[in-house]
2 protein chains.
Amino acid sequence: MTERPRASRPRRPAAQTRQAIHDAAHELFSREGFDAVGIRAIAARAGVDAALVVRHFGSKERLFLETMTVDLAAARVMEGPLDGLGRALVEHIVTLPSSRAGEMAVTSLTALFQASDRSEVETALRETIRQAIAEPLVRRLGTEDAEVRAHLVAAQIGGLLTSLHVVHDPVLLAADRGLLTARYGDALQALIDT
Amino acid sequence: MTERPRASRPRRPAAQTRQAIHDAAHELFSREGFDAVGIRAIAARAGVDAALVVRHFGSKERLFLETMTVDLAAARVMEGPLDGLGRALVEHIVTLPSSRAGEMAVTSLTALFQASDRSEVETALRETIRQAIAEPLVRRLGTEDAEVRAHLVAAQIGGLLTSLHVVHDPVLLAADRGLLTARYGDALQALIDT
DNA sequence: GTCTATAGAGCGATAGAC
DNA sequence: GTCTATCGCTCTATAGAC
């Protein structure tokens, strides 16, 4: 249909191709995990050739790391008053999946967890947790053991996230959000208050 | 060297072969994860042929599930007095890797987490958590919301375990055990006391 | 009970024409 | 920038000789 002798296809802008690969990769990696998804499957979903995936992102692992970034958007919550912060954080966590961005953050986090036997992925995961939770909090807690406590807060929040989205604990998934927030939030608060 | 025309090898008892495969599988799966380890590698380490692995265990996934079982040995701790249970549980968790059995439990748990995108593995993981933590505890807590609280306790303990052994949080790994036990244990206790 | 051999498929990555 | 073709390798699982 095109008048040119189709030396190559209708020529999409490179940025658009890159974005299509990016989106396809996020969707497939989120749903099936790193190992179960091949470059060919990503290319097929993006409507491009498999070689382009490598050309644009270098390798499957780099594509994974670039695609599965997590923005927990917890920074805003962290700025709130220290008392009541426990419940506010848990409320934020359980509400995350109701926004599109939050849902993507959660699925990415799950995929990172499951691929964390690759050392680069483990590093990315660790850095994500540090930046999103531990570091903002350690500045709020002036005390001497602030760093350890902040990382324990991160551990506890991670526990809720993995129970919900990795293990899929049916009791917690079915539980009343208010009850969850109150109980787990107060336990978190104990960690914050020392 | 053998006098028989080596139709087949010196004939090891089947149970012994099975055990050798089992041990090799545990070691490799623990260290490298489900996807990174092939049947051939397991067979080589066990000193047997790859076909025997399939013959004895049916499939790689069945071998994985049969091999990576977790005994957290938390039941004994659960029987202790309800007050102080938080710290006792955390103490138990951070001390786990110092025993051989505990270390195997921890490495198995890590491998289960990382392979939990396979639905049978996810089910096994969920069941392990329920049996080891949630169920023993729900019997101790008489209250109405006992089940949710017990599963929140499991989530919080899972958070510590994953932070230490999946994410490898350097702050927590370097932290004083006593401090960890006190802080995280008291937060856990808040969940137990309601 | 153990082995050889192989089916049957998929993989990540590259070379080079266009 | 895009595509075709392919290299070289891995994998799980099975069939059947011994």
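Source: prediction; values computed, not measured. In what follows, every chain begins at residue 1, and chains take the letters A, B, ... in the order their sequences are listed. Below, all heavy atoms of this structure are taken into account, side chains as well, without hydrogens, waters or symmetry copies.
Distances shorter than 4.0 Å separate some side-chain N or O of A:Thr17 from OP1 or OP2 on D:dT2.
As a whole-Å value, the separation of B:Ile42 CD1 from D:dA13 C1' is 14 Å. What separates NZ of B:Lys60 from P of D:dT14 is a distance of 15 Å, to the nearest Å. Atom C1' of nucleotide D:dA15 and atom CG of B:Asp49 are separated by 13 Å, given to the nearest angstrom. Nucleotide C:dG12 holds its C1' atom 17 Å from the NE2 atom of A:His56, rounded to whole Å. Put simply, CZ on A:Arg62 is 14 Å from C1' on C:dG12, counting in whole angstrom units. When the C1' atom of C:dA15 is taken as reference, atom CG of A:Leu52 falls 14 Å away, rounded to whole Å. Following rounding to the nearest Å, A:Ile39 (CD1) and D:dC3 (P) show an atom-to-atom distance of 15 Å. Rounded to an integer number of Å, the gap from CZ of B:Arg55 to P of D:dT14 is 12 Å.
The existence of a salt bridge linking B:Arg87 and B:Asp186 is confirmed by a sub-4.0 Å separation between a basic side-chain nitrogen and an acidic carboxylate oxygen. Using a 4.0 Å cut-off between charged side-chain N and carboxylate O, B:Arg31 and B:Glu27 make a salt bridge.
The base of C:dG12 lies close enough to the side chain of A:Arg40 for a donor and an acceptor atom to sit less than 3.5 Å apart.
No more than 12 heavy atoms of other residues, nucleotides or ligands sit less than 6.0 Å from atom CZ of B:Arg55.
B:Phe57 and B:Leu65 fall within a single hydrophobic cluster, where Ile, Leu, Val, Met, Phe, Trp and Tyr side chains are chained together by heavy-atom contacts under 4.5 Å.
Residues A:Ala51 and A:Ala36 both approach DNA chain C. Their nearest nucleotides, taken by heavy-atom distance, put A:Ala36 toward the 5′ side.
Counting any heavy atom pair closer than 4.0 Å across all strands shown, B:Val53 reaches no nucleic acid atom.
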